[in-house]
Visitor: 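The following block contains the structure, expressed as structure tokens.
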Amino acid sequence: MISAQKSMAALISFSLLRNYATTGSIVASVRAPPGPSSYPSFINFLTANHSRRFDKIIAKEIPSTIVYEDDKVLAFKDIDPQAPVHVLVIPKFRDGLTQLGEAEPRHGEILGQLLYAARIVAQKEGILDGFRVVINNGPTACQSVYHLHLHVLGGRQMKWPPG
């Protein structure tokens, strides 16, 4: 049994390293047990590279296709689009806002600016007549980057219910 567990661990480690070597990111599927646990810290470990990537995009250290930018918000095209138009809108300063579930009254202004930026993005991308704004919050909602961000999706007929 121990040998089988070691073999599985080695296979998973190899797969993660191979994926990192080819894509520059670690992607893992984590099923969290119900109730309180320590899984968010594990997931934060896996996604820390993505959060830093957003910081590097803000700093213009990593190239991106910028759709909109002002002094507080940056919007750029997603590198793995799920619709013909798929733009991410992020705050330039996190201020403890890694996910919507962490929002406090002091974040009201930036949350409003993010939504207004989503409207500007939709207008610039020609989808103002029909678009969707998505915020994934936490591991069960498939949040993969712990830097609050909005997905602006459009350019095709959306389906309901989502997800």
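The chain is numbered in sequence order, starting from 1.
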Visitor: Has the side chain of Q143 got a donor or acceptor atom that lies under 3.5 Å from a matching backbone atom of T98?
Guide: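 It does hold such a pair.
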Visitor: In terms of ring plane angle, is the pair H151 and H86 parallel, tilted or perpendicular, where the classes change at 30° and 60°?
Guide: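 H151 vs H86 ring planes: tilted.
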Visitor: Could you go step by step and tell me if F54 and Y146 meet the ring-ring contact (aromatic ring centres under 6.0 Å, His included) rule?
Guide: CA-CA 10 Å; F54 277 16; Y146 284 79; over 10 Å; no
Visitor: What residues form a ring-ring contact (aromatic ring centres under 6.0 Å, His included) with F131, not counting sequence neighbours?
Guide: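 With neighbours one apart ignored, the set is empty.
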Visitor: If you apply the rule salt bridge (charged side-chain N to carboxylate O under 4.0 Å, His left out), what do you find for E102 with R94, and how did you get there?
Guide: CA-CA 11 Å; E102 301 292 326; R94 275 184 262 175; over 6 Å; no
Visitor: Show me the pairs that pass salt bridge (charged side-chain N to carboxylate O under 4.0 Å, His left out) and involve residues 57-71, at least two apart or across chains.
Guide: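 Matches after skipping sequence neighbours: K60-E69, E69-K92.
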Visitor: At what distance, to the nearest 0.5 angstrom, does CD1 of I79 lie from OG of S64?
Guide: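 Reported value, rounded in 0.5 Å steps: 10.5 Å.
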Visitor: Can you tell me which residue among L114, I58, L148 is in a side-chain contact (heavy atoms from CB on, under 4.5 Å) with I90?
Guide: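 When side-chain contact (heavy atoms from CB on, under 4.5 Å) is applied between I90 and each of L114, I58, L148, only I58 qualifies.
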Visitor: If every non-hydrogen atom of V73 is compared with every non-hydrogen atom of I110, which pair is closest and at what distance?
Guide: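 Closest approach of V73 to I110, heavy atoms only: CG2-CD1, 4.1 Å.
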Visitor: Aromatic contact between Y68 and Y116, with the criterion being ring centroids under 6.0 Å apart: yes or no?
Guide: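 Here the rings of Y116 and Y68 have centres that are no less than 6.0 Å from each other.
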Visitor: Restricting to non-hydrogen atoms, name the atom on G154 and the atom on A83 that form the minimum distance, rounded to 0.1 Å.
Guide: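 What the structure gives for the nearest pair is O-CB, 3.6 Å.
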Visitor: Under 4.5 Å between side-chain heavy atoms, counting indirect links through other Ile/Leu/Val/Met/Phe/Trp/Tyr residues: same cluster for V145 and L100 or not?
Guide: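 Not linked; separate clusters.
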Visitor: Is it true that, when you exclude L128 itself, more than 12 heavy atoms of the residues, nucleotides or ligands shown sit nearer than 6.0 Å to its CG?
Guide: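 Count over threshold, so yes.
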Visitor: Do L150 and V85 belong together in a cluster built from hydrophobic side chains that touch within less than 4.5 Å?
Guide: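 Linked, L150 and V85 end up in one cluster.
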Visitor: Please answer whether the main-chain N or O of D80 pairs with a side-chain N or O of D78 as donor and acceptor at a distance below 3.5 Å.
Guide: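 Judged by distance alone, yes, a pair lies under 3.5 Å.
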Visitor: Could you see if V89 belongs to whatever hydrophobic cluster contains I135? Use Ile, Leu, Val, Met, Phe, Trp, Tyr and a side-chain cutoff under 4.5 Å.
Guide: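 Yes, because V89 and I135 connect within a single hydrophobic cluster, where side-chain heavy atoms sit under 4.5 Å apart.
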Visitor: With hydrophobic residues grouped by side-chain heavy-atom distances under 4.5 Å, do L88 and I62 end up in a single group?
Guide: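 Same cluster: L88 reaches I62 through Ile, Leu, Val, Met, Phe, Trp or Tyr contacts under 4.5 Å.
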Visitor: Contact between P91 and K72 at the side-chain level, heavy atoms closer than 4.5 Å - yes or no?
Guide: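 No - every pair of side-chain heavy atoms lies 4.5 Å or more apart.
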Visitor: Are there more than 12 heavy atoms of other residues, nucleotides or ligands under 6.0 Å from atom CD of E104?
Guide: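 Enclosed: over 12 neighbouring heavy atoms sit under 6.0 Å from CD of E104.
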Visitor: Rounded to the nearest 0.5 Å, what separates atom CZ in R156 from atom CD in Q82?
Guide: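 Interatomic distance, R156 CZ to Q82 CD, rounded to 0.5 Å: 8.0 Å.
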Visitor: Under 4.5 Å between side-chain heavy atoms, chaining through other members, with only Ile, Leu, Val, Met, Phe, Trp and Tyr counted: pull out the rest of the cluster around F93, sorted by chain and number.
Guide: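 Members other than F93 - counting any ILVMFWY side chain reachable under 4.5 Å - there are none.
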Visitor: Can you name the nearest heavy-atom pair linking V67 to E125, along with the distance?
Guide: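 Heavy atoms only, the tightest pair is CG1-OE2, 3.5 Å.
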Visitor: Does the ring center of H147 lie less than 6.0 Å from the ring center of H149?
Guide: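 No, the ring of H147 stays outside the 6.0 Å limit from the ring of H149, centre to centre.
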Visitor: Starting from I120, can I reach L111 by hopping between I/L/V/M/F/W/Y residues whose side chains sit under 4.5 Å apart?
Guide: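 Same hydrophobic cluster.
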Visitor: Less than 4.5 Å apart, side chain to side chain, heavy atoms only: is that true for D55 and I57?
Guide: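 Sidechains of I57 and D55: no contact.
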Visitor: Looking at P162 and R132, what are the two nearest heavy atoms and their distance?
Guide: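 Nearest pair, atom of P162 first, then R132: CB-NH1, 3.8 Å.
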Visitor: Exactly one of I127, I66, V121 should register a side-chain contact (heavy atoms from CB on, under 4.5 Å) with V87. Which one does?
Guide: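 Among the candidates, only V121 passes.
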